[in-house]
Amino acid sequence: MEVEDEAWSKLSIYKAARTIKKRDNSLYNALRSIYQDSVFVSEISQLWPQLPLLANLRCGLWYSSSFHSTCYFKSTDGHTNNCSFSTSRLNLHVAHLAAQKGGCMVVDSTRRGKRFPDSMSKTIPIWTCVLNRAISQFRTDSNIHENDAALPQEDCNGCDEIARDWDCSLHLPLWVPQTEKASIEEHLEEWTEQLKASGADIASLAVSLKKPLRPLWISQRTVIWLNEVPHHDSWDFTPIILVSASSSSNGVSQHNRTTSEFSWNYIPGAGDDEESWSRGLTPPLFWNHVYDLINSGPEMCNQKVADIVEKSRVRRAYRGENAPQIRVKSISHEEPSLASDVSNIEVDANESSEDFEVSWLGSTNLAVGASQLGIAIYSTDIVYRLVIQSTCDQQPTDVADVDCILNCDSESISVSLPSEEAYLHLPMVSSKFDRFSLFNNLSKAVSFAKFNLSQGKRLLILCNNGEDISVCVCLAILMSLFDEKGTFDDGESFNTAHITKWDMRRRLVFVCKFATNARPSRGNLRQVFNFLIGGKCILQPQEGDRSDE
């Protein structure tokens with residue numbers, strides 16, 4: 001004891017504070033805090049069981065095992081005196097889902113000493129307001145409410161009144177100062193015009209959404225009378241219920257929580273910044289082994305997590321033998337337009353699987369996906385076998401070929417291919433690690449795409465998570481080889497166009513419409529733009545395509 005006291009006495013105040021913080025923010029404390037907060041999320045979701053539950057990436061994904069989908073609203077878009085509306089993160093699939101189901105619930109949390117993250121306090125309220133304004137203007141210009149007369153009476157009950165009084169107000173929580181609200185309102189018209197100019201499909205949203213969007217806020221301090229919970233259909237708006245999972249603690253951890261076996265320290269917003277504490281554990285792995293982890297206790301938790309992560313790594317290495325099928329709802333290929341319908345992904349996964357998504361971009365013959373999430377790779381007479389799910393009878397009806405693969409992950413994958421030209425591995429890393437990795441490889445990526453797409457082949461672009469690098473590469477290919485309508489033209493329109501950031505944003509809106517989990521980083525998007533504005537060079541042809549020279 002004397003030796004320990006002497007060691008503590010030699011520590012500086014800074015080092016002592018860091019040591020205490022590291023001890024309090026242990027892996028077991030984080031997982032136990034997440035589990036406790038998930039109980040609250042589950043209770044709230046049961047109040048409106050008809051509404052789908054969405055996780056706001058990435059923190060929110062930890063707080064439930066049964067999310068319907070995900071969304072991506074950044075807190076930085078809602079920071080005080082720096083609010084913005086991002087056309088690269090439109091989350092239109094959230095609005096479509098809310099229109100279809102009558103509303104939805106979004107889960108997130110924050111480590112800071114406040115009840116809600118800025119993504120819920122301001123980013124999402126701004127998003128709902130801008131969408132409402134754009135929809136209102138579209139309905140007014142198109143007289144869309146007159147078409148409601150063609151709908152069945154039960155589907156149109158009250159539509160005329162709502163159309164005449166479409167709520168376009170900015171709804172913020174009470175704790176946001178009036179001065180900041182006034183500052184945000186000054187930019188609403190500008191942001192609405194940006195949305196309309198981005199090429200977003202406001203028309204389909206205006207048709208499907210019968211009531212304006214409006215956020216509601218629920219935290220662990222919210223008082224709800226269970227015998228007076230209103231039905232979501234009773235409101236004159238489409239609710240976006242924002243659930244802050246963690247208990248606010250004014251920035252101070254709530255210490256010394258105990259169970260019958262262990263004592264532990266509660267961490268608000270424990271799911272945030274997972275790279276700093278998770279040790280490779282992911283939300284799906286956590287929920288597959290939640291009771292083992294919680295019951296392991298603080299002493300054994302780290303070893304338990306290490307075992308789970310290692311077993312998962314080994315399982316992924318052998319997943320080619322027993323991989324889940326990826327079921328993709330079919331997309332119409334009749335009109336290769338940027339206004340194509342949104343693709344929905346459904347997955348047949350085994351117990352150990354995570355999210356397996358392949359997103360086809362309309363009728364462009366391009367798709368993006370993840371290489372490290374266990375996508376089934378095997379070859380009989382094809383490379384990838386994707387069971388197409390019919391939108392009519394909801395039964396697997398056909399088998400489609402992915403003719404070629406562009407792998408942008410840092411690690412290659414083993415596949416059996418009919419020809420060498422069908423597979424290209426271009427290892428790329430995020431801009432956080434190399435500011436020019438993407439830029440230096442885009443020319444080869446576009447050339448590979450040109451060689452294969454010109455022959456009518458279907459190209460799948462992979463990266464580690466299917467959310468960032470593969471999306472950026474796909475964006476560069478769309479800009480370089482397709483016209484504004486989404487038709488492959490071998491680069492003719494690109495060679496005559498003056499590329500602007502708005503052009504790239506419009507194409508990114510098109511990509512995100514299908515790849516709803518797309519989260520391209522700003523640094524990688526910057527590399528794509530720099531390539532495009534300096535990319536008026538002759539695309540390098542593949543061997544066997546020398547006729548272009």
Side-chain angles (χ1 to χ4, degrees), residues 17-35 37-38 55-65 67 70-77 79 89 107-112 117-119 245-246 251 253 265-290 293 298 301-313 316 354-355 357 370-374 408-411 427-435 437-438 463-472 517-525:
R18 292 283 296 177
T19 302
I20 295 172
K21 182 178 180 181
K22 183 177 181 180
R23 183 187 63 190
D24 290 346
N25 293 343
S26 68
L27 179 58
Y28 183 80
N29 288 340
L31 297 179
R32 190 63 190 249
S33 301
I34 289 171
Y35 177 73
D37 291 338
S38 71
N56 192 33
L57 297 174
R58 287 175 305 168
C59 179
L61 199 57
W62 287 91
Y63 291 94
S64 177
S65 60
F67 283 113
T70 62
C71 55
Y72 189 40
F73 295 98
K74 291 192 69 172
S75 288
T76 52
D77 294 332
H79 283 177
R89 293 181 291 274
V107 177
D108 202 353
S109 68
T110 180
R111 279 184 179 270
R112 298 183 179 182
D118 287 338
S119 60
S246 296
S253 296
N265 298 322
Y266 176 76
I267 304 174
D272 195 17
D273 193 22
E274 62 189 52
E275 292 90 350
S276 65
W277 61 266
S278 67
R279 298 173 180 259
L281 191 69
T282 62
L285 282 178
F286 168 65
W287 285 107
N288 284 337
H289 304 275
V290 59
L293 290 169
C301 183
N302 287 11
Q303 184 59 48
K304 191 72 175 179
V305 168
D307 292 342
I308 291 172
V309 172
E310 177 61 18
K311 288 180 181 178
S312 175
R313 185 192 66 80
R316 287 199 303 268
E354 300 179 20
D355 291 333
E357 292 193 359
S371 62
Q372 294 299 312
L373 295 184
C408 304
D409 194 6
S410 57
E411 298 181 3
M428 307 182 199
V429 296
S430 172
S431 59
K432 291 182 178 180
F433 305 101
D434 186 344
R435 292 185 300 167
S437 176
L438 192 64
C463 70
N464 179 266
N465 55 19
E467 299 173 354
D468 187 1
I469 293 178
S470 60
V471 171
C472 290
N517 63 330
R519 295 188 295 148
S521 64
R522 182 174 300 180
N524 287 340
L525 288 175

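None of these values were measured; they are calculated from a predicted model.
Heavy-atom minimum distance, N29 versus N265: OD1-N, 3.1 Å. Of all heavy-atom pairs spanning A518 and V471, the tightest one is CB-CG2, 3.7 Å. Minimum heavy-atom separation, G466 to C463: N-SG, 3.1 Å. The nearest pair of heavy atoms linking I469 to C408 is CG2-CB, 3.8 Å. Among all heavy-atom pairs drawn from L31 and C301, the shortest one is CD1-SG, 3.9 Å.
For S410, there are no side chain to side chain contact (heavy atoms under 4.5 Å, CB included) partners at least two apart in sequence or on another chain. Under the ring-ring contact (aromatic ring centres under 6.0 Å, His included) criterion, W287 pairs with no residue, sequence neighbours left out. D307 meets the side-chain hydrogen bond (donor to acceptor under 3.5 Å, both in side chains) test with Q303; sequence neighbours excluded. For R279, the side chain to side chain contact (heavy atoms under 4.5 Å, CB included) test picks out L27, N302, V305, with sequence neighbours left out. With sequence neighbours excluded, the residues that form a side-chain hydrogen bond (donor to acceptor under 3.5 Å, both in side chains) with S246 are D37. Among residues two or more places apart in sequence or in another chain, the side-chain hydrogen bond (donor to acceptor under 3.5 Å, both in side chains) test is passed with S109 by Y63. Remark: E274 engages R58, W62, W277, S278 in a side chain to side chain contact (heavy atoms under 4.5 Å, CB included) (not counting sequence neighbours). Checked against salt bridge (charged side-chain N to carboxylate O under 4.0 Å, His left out), D272 has no partners two or more places apart in sequence or in another chain. For P298, the side chain to side chain contact (heavy atoms under 4.5 Å, CB included) partners at least two apart in sequence or on another chain are Y28, F262. Taking S119 as the reference, D108 meet the side-chain hydrogen bond (donor to acceptor under 3.5 Å, both in side chains) condition, with sequence neighbours excluded. Residues that satisfy the ring-ring contact (aromatic ring centres under 6.0 Å, His included) test with F73, not counting sequence neighbours, are W127. When the salt bridge (charged side-chain N to carboxylate O under 4.0 Å, His left out) test is applied to D468, no partner is found at least two apart in sequence or on another chain.
Summarising the geometry, atom CG belonging to N524 is positioned 5.0 Å from atom CG belonging to L438; distances are rounded to the nearest 0.5 Å. Between the CG atom of D273 and the CZ atom of R111 there is a distance of 6.5 Å, given to the nearest 0.5 Å.
Using a 4.5 Å heavy-atom threshold, the side chains of L525 and C472 count as touching. The shortest side-chain heavy-atom distance between F67 and V107 falls under the 4.5 Å cut-off.
In summary, R89 and D77 engage in a salt bridge, as defined by a charged side-chain N under 4.0 Å from a carboxylate O.
Judged purely by atom type and a 3.5 angstrom limit, S437 has no side-chain atom pairing as donor or acceptor with the backbone of D434. With S312 contributing its side chain and I308 its backbone, the two residues share no donor-acceptor pair below 3.5 Å. Checking side-chain atoms of N517 against main-chain N and O of E467 turns up no donor-acceptor pair under 3.5 Å.
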